[in-house]
Amino acid sequence: MAKISVFGIGYVGVVSAACLARDGHEVVAVDIDPGKVEALNAGRSTVVEDGIDELVADGVASGRLSATTDAVGAVASTEASFVCVGTPSDPDGSVGLAHVIAACEHIGRAIADKRDRHGVIVRSTIVPGTMKEVCVPTLEVASGLRAGSEFGVGYFPEFLREGTAIADYDDPGLVVFGALDEATGDFLGELNAGFPCQVNRVDIGTAEMIKYTSNAWRALKITFANEIGNIAKASGLDGQEVMRVLCSDGKVAMSPAFLRPGFAFGGSCLPKDVRALRCLASELGVGSPVLDAVLQANAAQIERAEQMVRDSGKQRIGFVGVSFKAGTDDLRESPLAALAARLIEAGGEVRVYDPFVAKALSNGNGGIGRGNGDGPDLRGCMIPSIDELIDQSDVLLIGNRYAEATEALKAAAAERPVIDLARLDANLVSNGTYQGICW
Ligand SMILES: NC(=O)c1ccc[n+]([C@@H]2O[C@H](COP(=O)([O-])OP(=O)(O)OC[C@H]3O[C@@H](n4cnc5c(N)ncnc54)[C@H](O)[C@@H]3O)[C@@H](O)[C@H]2O)c1
Ligand SMILES: O=c1ccn([C@@H]2O[C@H](COP(=O)(O)OP(=O)(O)O[C@H]3O[C@H](CO)[C@@H](O)[C@H](O)[C@H]3O)[C@@H](O)[C@H]2O)c(=O)[nH]1
């Protein structure tokens with residue numbers, strides 16, 4: 001079993017730390033935010049995620065999981081550090097490295113004081129070349145030591161999705177890592193030995209590129225499926241059936257994941273990572289017309305939904321869900337929040353039922369547009385129950401699926417227009433007042 005310090009107690013950090021502790025490793029989580037450190041030490045998760053509260057509580061109770069703001073102490077008491085800090089977009093769309101640089105400085109200074117060899121493994125999403133050109137030089141300057149020989153270096157991207165983060169951590173579909181030195185590569189190889197998928201050991205740059213390729217591929221699949229869905233709908237066909245049958249093609253291997261026609265993608269990763277990859281392509285002088293089109297098509301899908309609401313002629317609009325997907329309170333780059341903002345701007349009265357976001361707001365945690373400050377302030381729009389939302393709305397917009405709301409929404413569809421962006425029930429489309437965005 002290993003002793004690991006995890007820098008950053010956000011979505012990736014808290015899930016990694018809690019899962020590592022569950023698996024028997026000794027984990028010290030480090031954050032610059034004392035509130036997150038305090039929460040974790042009290043056995044509380046710093047994020048909303050299915051199953052995470054229990055894992056954090058168990059980890060802390062077992063004595064294998066703790067948190068601190070003291071980077072030096074955390075590095076001294078562990079053999080390796082995982083860097084899981086945020087990489088939000090810079091204003092030009094390129095990857096923002098300020099947190100990664102700061103974490104590398106903290107770790108570098110800490111390993112300067114340490115006698116035993118330490119491994120530094122970055123898990124944040126960073127564009128190819130960042131480890132070599134930014135992280136390694138930062139660590140070497142801060143520590144006064146040589147990377148590869150006097151301390152270990154690796155890059156090990158994370159592929160979990162919010163809402164299914166623990167399940168994805170345990171069964172990620174893809175494991176890939178690269179290391180500068182044999183010892184770090186072997187450490188990561190051993191750590192990943194139990195995964196049910198192929199474990200790929202590649203060079204660091206390739207590992208960095210694979211992470212972006214994965215997110216760009218997901219974004220491309222979504223926008224492609226949505227476009228087919230839009231065309232199918234305009235032709236009087238069911239785009240979902242088209243894609244379902246297409247995916248049964250046994251010769252052109254095609255996972256149906258991310259290929260169901262629907263609403264725009266969003267969240268803290270897909271949009272920012274597509275932007276960052278475009279910026280990299282532009283810097284390299286190779287261009288990225290497909291990725292450019294992905295972002296344009298995604299924006300157009302939000303406009304399409306806005307037009308559907310306008311076509312309903314209704315002013316009191318009830319949103320079922322506003323976070324970027326069900327199962328999370330995360331509003332970062334939520335296309336639903338963006339749609340709500342556009343409708344409010346145009347004079348619509350928006351009301352929102354979203355149990356996850358409501359809870360975050362009532363805890364004084366999170367908040368609309370968290371991350372980029374890009375969302376509308378919906379605090380005054382939150383409605384506590386689905387029945388009240390239905391009562392107070394002239395048109396319902398289903399953004400996310402919530403099991404407890406399904407029956408009430410199906411019943412409500414008989415009385416008022418429903419715009420379903422979440423594919424609640426394709427059978428309802430035959431009812432004239434119920435329509436999907438592209439099916
Ligand atoms: N959110 C996801 O689902 C997901 C999945 C895979 C990969 N990623 C990538 O992982 C990285 C982290 O994403 P996230 O969503 O977990 O971020 P987040 O914003 O939820 O959390 C980042 C945490 O890092 C902390 N932090 C910042 N600087 C620090 C420092 N110097 N030392 C210690 N802590 C510091 C912040 O206080 C915050 O708690 C990003 O690069 C992201 O692209 C995210
Ligand atoms: O078939 C789909 C699947 C997803 N989405 C949308 O795509 C966005 C992103 O969803 P998802 O990928 O499920 O969640 P994230 O937590 O953003 O995960 C993505 O971003 C993470 C951060 O890099 C990666 O680790 C994951 O592999 C990658 O899927 C959301 O708006 C979803 O509604 C669709 O529209 N259709």
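Treat the numbers as computed from the prediction; the structure is a model and nothing was measured. For ligands, and for the atoms within them, numbers begin at 1 and follow the listed sequence.
Closer than 4.0 angstrom to ligand 1 sit non-hydrogen atoms from Gly8, Ile9, Gly10, Tyr11, Val12, Val30, Asp31, Ile32, Lys36, Cys84, Val85, Gly86, Thr87, His99, Ala102, Ala103, His106, Ser124, Thr125, Glu158, Leu160, Glu162, Lys211, Ser268, Cys269, Lys272, Arg332. Protein residues with a heavy atom under 4.0 Å from ligand 2 are Glu158, Phe159, Leu160, Arg161, Glu162, Lys211, Asn215, Arg218, Ile222, Phe258, Phe263, Phe265, Gly266, Cys269, Leu270, Asp273, Phe324, Lys325.
Checked against side chain to side chain contact (heavy atoms under 4.5 Å, CB included), Ala358 has the following partners two or more places apart in sequence or in another chain: Met382. For His25, the side chain to side chain contact (heavy atoms under 4.5 Å, CB included) criterion is met by Met1, Ala2, Leu20, Asp23, Val27, Leu191, not counting sequence neighbours.
Within the 3.5 Å criterion, the main-chain N or O of Gly267 finds no donor-acceptor partner in the side chain of Lys325.
Checked by atom type, the side-chain pair Glu158/Tyr11 shows no donor-acceptor distance below 3.5 Å. One side chain, Thr87 or Lys272, offers a donor N or O that lies under 3.5 Å from an acceptor on the other.
Counted within 6.0 Å of CD on Glu105, heavy atoms from surrounding residues, nucleotides or ligands total more than 12; the atom is thus considered enclosed.
Side chains of Asp33 and Thr46 form no contact here, defined as non-hydrogen atoms less than 4.5 Å apart. Counting heavy atoms from C-beta outward, Arg278 and Leu295 have side chains that approach closer than 4.5 Å.
Listed here is the closest heavy atom pair of Tyr169 and Phe195: O-CE2, 2.8 Å.
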